[in-house]
Undergrad: 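Structure incoming, see below.
Note on naming: letters A, B, ... go to the chains in the order of the sequence lines (proteins, then strands), and numbering restarts at 1 for each one. FYI, side chains are in, hydrogens and waters are out, and symmetry mates aren't considered; it's all heavy atoms of this structure.
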Amino acid sequence: MRFAYYPGCSLHSTGREYDASFREVCARLGLEPDEVEGWTCCGASSAHATSRLLSVALAADNLARVETAGHKDVVVPCASCFSRFKDATHEIESDPGMKAEIGGILGRPFSNSVKTIHPLELLDKMGEEGRLGAAPVKEMPGVRAVCYYGCLLTRPPKVTQFDDCEYPMSMDRLLGRFGVRTLDWSYKTDCCGAGFGLTRPAIVCKLVKKILDNASAAGANVVAVACPLCHANLDSRQADLNRAGGNGAGPGAYKMPVLYFTQLIGLALGAAPESLGLGSHLVETAPVLGMMR
Amino acid sequence: MDLTPTQVIHAVRLGLRDLVLDSKTIWICASCETCTTRCPQEVDIARVMDAARILARREGRRPRIPEVAAFHRSVLESLRMFGRLYELGAIGALKLRTMRLTEDLDLGLRMFKKGKFRFIPAFANVLATNRIFRRVKKAERART
Ligand code: SF4
C-alpha cells in the first residue's frame, strides 16, 4: 500500500529515530511511504500563536502538495504536524470564505480533499481488519509498557477525530498485537509541557516528573510515545530530575526508557536495534533489549 | 499563570482588555487543548489564548513572558529563511534574544553527541514559503 508521507522538521532532526523506525516498520509490513516532495514546515505552535491565517496557509501548502502528487491520504507521525494539518482541514471546511482565500495565498488551486492520518490510526485499522502483513518474531515477556498519547493526537476531538479523547486505546491495542504488554495508568493524555522545554524548562520538568512517577507507580518499565516533542521532553529531562534529587528512591533513580511505538513494533518484528535508532536516546534503552527473547 | 483560564474568559466577557493582553497566562498556555476539550459550554478556550497572543503582538504590547514570544519569532524566522525549521539556528537565535546562553548547555551537548541535530540546514521551497508570509500579511492588513 502506498500513501503520502509527511515527516516534518522534527523527524528529520531531533526525532530522527521516529522516522527511521517508522520506515523500518513500513518496510516489514509491506507499506510504501512516499515522502511529499519539497515539503515545508507546517508552522507548528509558533504560526498559530502569531497568525490564524498563516497557520492554516502553511499547513494547506503541504496538503496541496499531497493533492498534486495524486494522493488522497497523508500519513503524519509527528503529533504537532498532525494537529496542524487536521486543524487546517477543519478550519477551511467550517469557514466558507477560507478555501478561496487560501487558494489565493498559495497561488494554486486547493480543494481540501486530503485526509490526514496518524500512523497509529493506519496500523490500528490494519490490525482490526487483519491486514497487518507480518507477525512478531520476537517475544517481549519482560516488557510492561504504558502508552503515552500526549495532547495533540486526541485534542480537540472535534478536529482530530482520533480515538477516545480521555482514555485512548489504539496504541495499547496495536502494541498488544505485537506481543507488547501494556498497562492501565492515569497520564495517557496529560501534557508534557510541549515547546516549553526551550523557554521554561522548570515547567517541563515538573510535568515530566508527574508522568514518569505515575508510570512507575503503575509498574511500567517502558514508556511508549507517538510524538517527537513528547519523546524529547520525557527522555531528556530525566537527568535534570536526577540532579534535583531523584524520585525518593534515591538520586539517579529516573532511568525510564522512552521508546517510540514504532521502535517497539520494529523490535517485535525482529529489526536490529541500530536500524531503529535505539542508540540515540539519552536514557539507556539497553534494558529493553534484555526483556526480549 | 497569573490568571486561570476561567478568569481569562471572564475578563474577556467583561472587556478587560489590558488585563488579558498583558497577562502572563496567554504566554504560559501550552495550547494543550484540555480546556477546549472539556468545556461544557464548548468555549474554545485555547483559541481565545491564541487570539490574545495575536492581538497583544499586533498592538505592540511587550509580552509578559518575553522568552516565549522570542521563541515563536525565532521559529518563524527560521521557517522563512529555510522553508523548514533549522533547530540549531533557531535555538541559537533564541539564546541570543533572551541572553540565556548557558541554560541547558549540557543537555544541548549530550543531544549533540547523540547526533540529534543537523549541522547543515535543509532548504525547501524558500521562495514559495516567503510568498505565503507576504500574502498573509497583505490579506490581514486589508482586513483591519
Ligand atoms: S490550552 Fe492547556 S495550557 Fe492552555 S489554557 Fe487550556 S488547559 Fe491551560
Undergrad: How many angstroms lie between CG in Leu76(B) and OG in Ser46(A), if you round to the nearest 0.5 Å?
TA: 5.0 Å
Undergrad: When heavy-atom pairs shorter than 4.5 Å are enumerated against chain A, which of Arg131(B), Glu103(B), Arg73(B) gives the highest number?
TA: Glu103(B)
Undergrad: Is it the backbone or the side chain of Pro156(A) that comes under 4.5 Å from a heavy atom of chain B, or both, or neither?
TA: both
Undergrad: Contact part of Phe82(B) toward chain A, heavy-atom cut-off under 4.5 Å: side chain, backbone, both or neither?
TA: neither
Undergrad: Side chain from CB out, backbone as N, CA, C, O: work out which of these in Arg97(B) comes under 4.5 Å of a heavy atom of chain A, or both, or neither.
TA: neither
Undergrad: Is it true that Glu101(A) and Arg135(B) have a side-chain N and a carboxylate O under 4.0 angstrom from each other?
TA: no
Undergrad: Please classify the contact of Glu42(B) with chain A as side chain, backbone, both or neither, using a heavy-atom distance under 4.5 Å.
TA: side chain
Undergrad: Go through it in stages, so that I can follow the logic: the residues are Arg38(B) and Glu166(A), the test is salt bridge (Lys or Arg N to Asp or Glu O under 4.0 Å), and I'd like the CA-CA distance, side-chain angles, deciding distance and then a yes or no.
TA: CA-CA 10 Å; Arg38(B) 292 184 184 163; Glu166(A) 296 290 352; 2.7 Å; yes
Undergrad: Distance check, rounded to the nearest 0.5 Å: Cys9(A) atom SG versus Arg84(B) atom CZ?
TA: 7.0 Å
Undergrad: Pick from Asn125(B), Val68(B), Asp106(B), Leu85(B): which one has the most heavy-atom pairs with chain A under 4.5 Å?
TA: Asn125(B)
Undergrad: Is Ile65(B) in contact with chain A via its backbone, its side chain, both, or neither, using a 4.5 Å heavy-atom distance?
TA: side chain
Undergrad: Check this for me: Arg47(B), atom CZ, are more than 12 non-hydrogen atoms of other residues, nucleotides or ligands nearer than 6.0 Å?
TA: yes
Undergrad: With only heavy atoms counted, which part of Ile54(B) is less than 4.5 Å from chain A, the side chain, the backbone, both or neither?
TA: both
Undergrad: Which region of Ile28(B), side chain (C-beta onward) or backbone (N, CA, C, O), has a non-hydrogen atom less than 4.5 Å from a non-hydrogen atom of chain A, or is it both or neither?
TA: both
Undergrad: Contact part of Arg237(A) toward chain B, heavy-atom cut-off under 4.5 Å: side chain, backbone, both or neither?
TA: side chain
Undergrad: Is there a side-chain contact (heavy atoms from CB on, under 4.5 Å) between Thr34(B) and Cys191(A)? Walk through the geometry before answering.
TA: CA-CA 9 Å; Thr34(B) 308; Cys191(A) 180; 5.6 Å; no
Undergrad: Counting only non-hydrogen atoms closer than 4.5 Å, does Asn62(A) touch chain B with its backbone (N, CA, C, O), its side chain (CB onward), both, or neither?
TA: neither
Undergrad: Flag the pair Leu58(A) / Val136(B) as yes when at least one side-chain heavy-atom distance between them is below 4.5 Å, and no otherwise.
TA: no
Undergrad: Looking at Thr189(A), Thr154(A), Thr160(A), Leu152(A), which one forms a side-chain contact (heavy atoms from CB on, under 4.5 Å) with Glu33(B)?
TA: Leu152(A)
Undergrad: If you round to the nearest 0.5 Å, how far is CG of Leu198(A) from CD of Glu67(B)?
TA: 11.0 Å
Undergrad: Select one option (side chain, backbone, both, neither) describing which atoms of Arg110(B) are under 4.5 Å from chain A's heavy atoms.
TA: both
Undergrad: Quick one: what part of Arg108(A) sits under 4.5 Å from any heavy atom of chain B, side chain, backbone, both or neither?
TA: neither
Undergrad: Find the distance between OG (Ser31(B)) and CZ (Arg155(A)) and round it off to the nearest 0.5 Å.
TA: 11.5 Å
